[in-house]
Colleague: 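Questions regarding the structure given below will be posed in turn.
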Protein chains: 2
Amino acid sequence: MATKETKERILDAAEQLLVEHGFGGTSIRGIASAAGVNLASINYHFGSKEALIQAVFERRVGPVNEERLRLLDQLEQSASDGPLPVAGITEAFVHPALGLRRLDDSQRRVLQCLLGHTISLPSGKARDAFLEQFSEVVQRFTIALGRALPDLTPQEVLWRFFFMVGTLVQTLAMAEDMPRISRGLCGETDAEAMERWLVPFIAAGLKAPAAEVRLEADDA
Amino acid sequence: MATKETKERILDAAEQLLVEHGFGGTSIRGIASAAGVNLASINYHFGSKEALIQAVFERRVGPVNEERLRLLDQLEQSASDGPLPVAGITEAFVHPALGLRRLDDSQRRVLQCLLGHTISLPSGKARDAFLEQFSEVVQRFTIALGRALPDLTPQEVLWRFFFMVGTLVQTLAMAEDMPRISRGLCGETDAEAMERWLVPFIAAGLKAPAAEVRLEADDA
DNA sequence: GTCTATATGGGGATAGAC
DNA sequence: GTCTATCCCCATATAGAC
């Protein structure tokens, strides 16, 4: 029993420090100190710093992606076999990242910052492992988007999917700075408000007319 | 003369290493070695590691923001005093980041990664200094957007501006991973192709109908 | 499983000769 | 302005007692 508690305390402390100081700025010494555990126990339980970081990501990102797939399943059952509504797909993707109801505010913020940090991580094992966790979500959502937007080429569907990812992730990462940047005009960083603004923006972008075809290839 | 060359060599080496290894993963020792200069000369010329990093950002971000403002000026002159076209505003913001024609491919990539890294930096002096560099761009573009989208509240205009920022920045940061994530479907990371996909998406999002008003405040 | 102690290496910054 | 040499701190990881 002591083991489980220690591991979770380490994970909790690690993710908080990661949010505050970033990847390179977080040391396992600091994590051990914040968690109230011994320095050596971190390597005992996780093997290395990199493996610990990865465990932190998995603990938070896994449930979000599961929820996304679950919402997409629901949507597909409602629509029997027709194309899905774009706004619904958008919501299924955005909502779990913003609004996991089981998380309190500070935990949600943690998740937001983790996503922002990690996705602009330099290349390496950490980044690879992170991207791998999203492969099923990428596949399922791009298929759904492709059916909902039949006028787009597969390439443009994929690009637009990643525009959605980018809009979401970067907004999460910048949320904490919004009040300062906007000089007080925008102070709402709570998940509900952000979702209210985000979904219409993304859905409209997804539904935009297809980009013009390049002229260089006139062989069709 | 030797001074100028040394400073530039340091900046060149620093930005390349920052792109490859991120902020925390880059040491001034490594920078000095890559630049072929003495370790002590970095502190002599820049004072500290943090000041050096800041100089790296300023050298690249400054011209991009100047170009943005210049394009916005052009647009305003064309439209005399009417509202600006949304697609034009979008292009004025997106184009300089993607397509500074004077930069070769590797330099452009540097800029992309720098933006991605920095914007998800943890709080601190580096982040503050970075955000400060954008204050004029934020102000000018939100005003232009507000006039082009008179149905939106100032809050929603500002949120949408930052959605645009997020879409752009995150796309730049992820561009290098697109071929792998898409399993070869999307391999175009060149600036021209990205702009062709990006602008319609963002412009459509910006022009989306206003979000529903919250119900809690019915005092108007 | 948990601790102390330490091995081993790298980091930023600087003093002082040239 | 540029170099060598060094101070001092911090990092990760592990060995070995309990």
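Below, chain A is the first sequence line, B the second, and so on; all start at residue 1. Everything quoted here is computed from the prediction, not taken from an experiment.
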Colleague: Output the rounded distance in Å from CD1 (I10(A)) to P (dG1(C)).
Modeller: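 Rounding to the nearest Å, CD1 of I10(A) and P of dG1(C) are 12 Å apart.
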Colleague: To the nearest angstrom, how far is I42(A) atom CD1 from dT2(C) atom P?
Modeller: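 About 12 Å, once rounded to whole Å.
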Colleague: Residues two or more places apart in sequence or in another chain: which of them pass side chain to side chain donor-acceptor pair (under 3.5 Å) with R68(B)?
Modeller: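 R68(B): side chain to side chain donor-acceptor pair (under 3.5 Å) contacts with N65(B).
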Colleague: Between F46(B) (CZ) and dG1(D) (P), how many Å, whole number?
Modeller: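 It works out to 12 Å between those atoms.
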Colleague: Measure from NZ on K7(B) to P on dT2(D) and round the result to the nearest Å.
Modeller: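 About 11 Å, once rounded to whole Å.
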Colleague: Treat primed atoms plus P, OP1 and OP2 as sugar-phosphate and everything else as base, then score nucleotides 4-18 of chain C 5' to 3': B for base contact with protein heavy atoms under 4.0 Å, S for sugar-phosphate contact only, - for none.
Modeller: B------BBBB----
Colleague: Whole angstroms only, please: what is the CD-P distance between E5(B) and dG1(D)?
Modeller: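 Nearest whole value for this atom pair: 13 Å.
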Colleague: Which residues satisfy the side chain to side chain donor-acceptor pair (under 3.5 Å) test with N38(A), sequence neighbours excluded?
Modeller: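 For N38(A), no residue satisfies side chain to side chain donor-acceptor pair (under 3.5 Å) once neighbours in sequence are set aside.
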Colleague: So, are R160(A) and E156(A) salt-bridged, with charged N and O less than 4.0 Å apart?
Modeller: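 Salt bridge present between R160(A) and E156(A).
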Colleague: Below 4.0 angstrom from OP1 or OP2 of dC3(D), is there any side-chain N or O of S41(B)?
Modeller: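 Negative; the distance criterion is not met.
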Colleague: List in chain and number order the residues that pass salt bridge (charged side-chain N to carboxylate O under 4.0 Å, His left out) with E91(B), two or more places apart in sequence or in another chain; answer none if no residue qualifies.
Modeller: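 Partners of E91(B) by the salt bridge (charged side-chain N to carboxylate O under 4.0 Å, His left out) criterion come out as none, since no residue qualifies.
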Colleague: Who are the side chain to side chain contact (heavy atoms under 4.5 Å, CB included) partners of S33(A), not counting sequence neighbours?
Modeller: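 None.
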Colleague: Partners of F161(B) by ring pair (Phe, Tyr, Trp, His ring centres under 6.0 Å), sequence neighbours excluded?
Modeller: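 Only F93(B) meet the ring pair (Phe, Tyr, Trp, His ring centres under 6.0 Å) criterion with F161(B).
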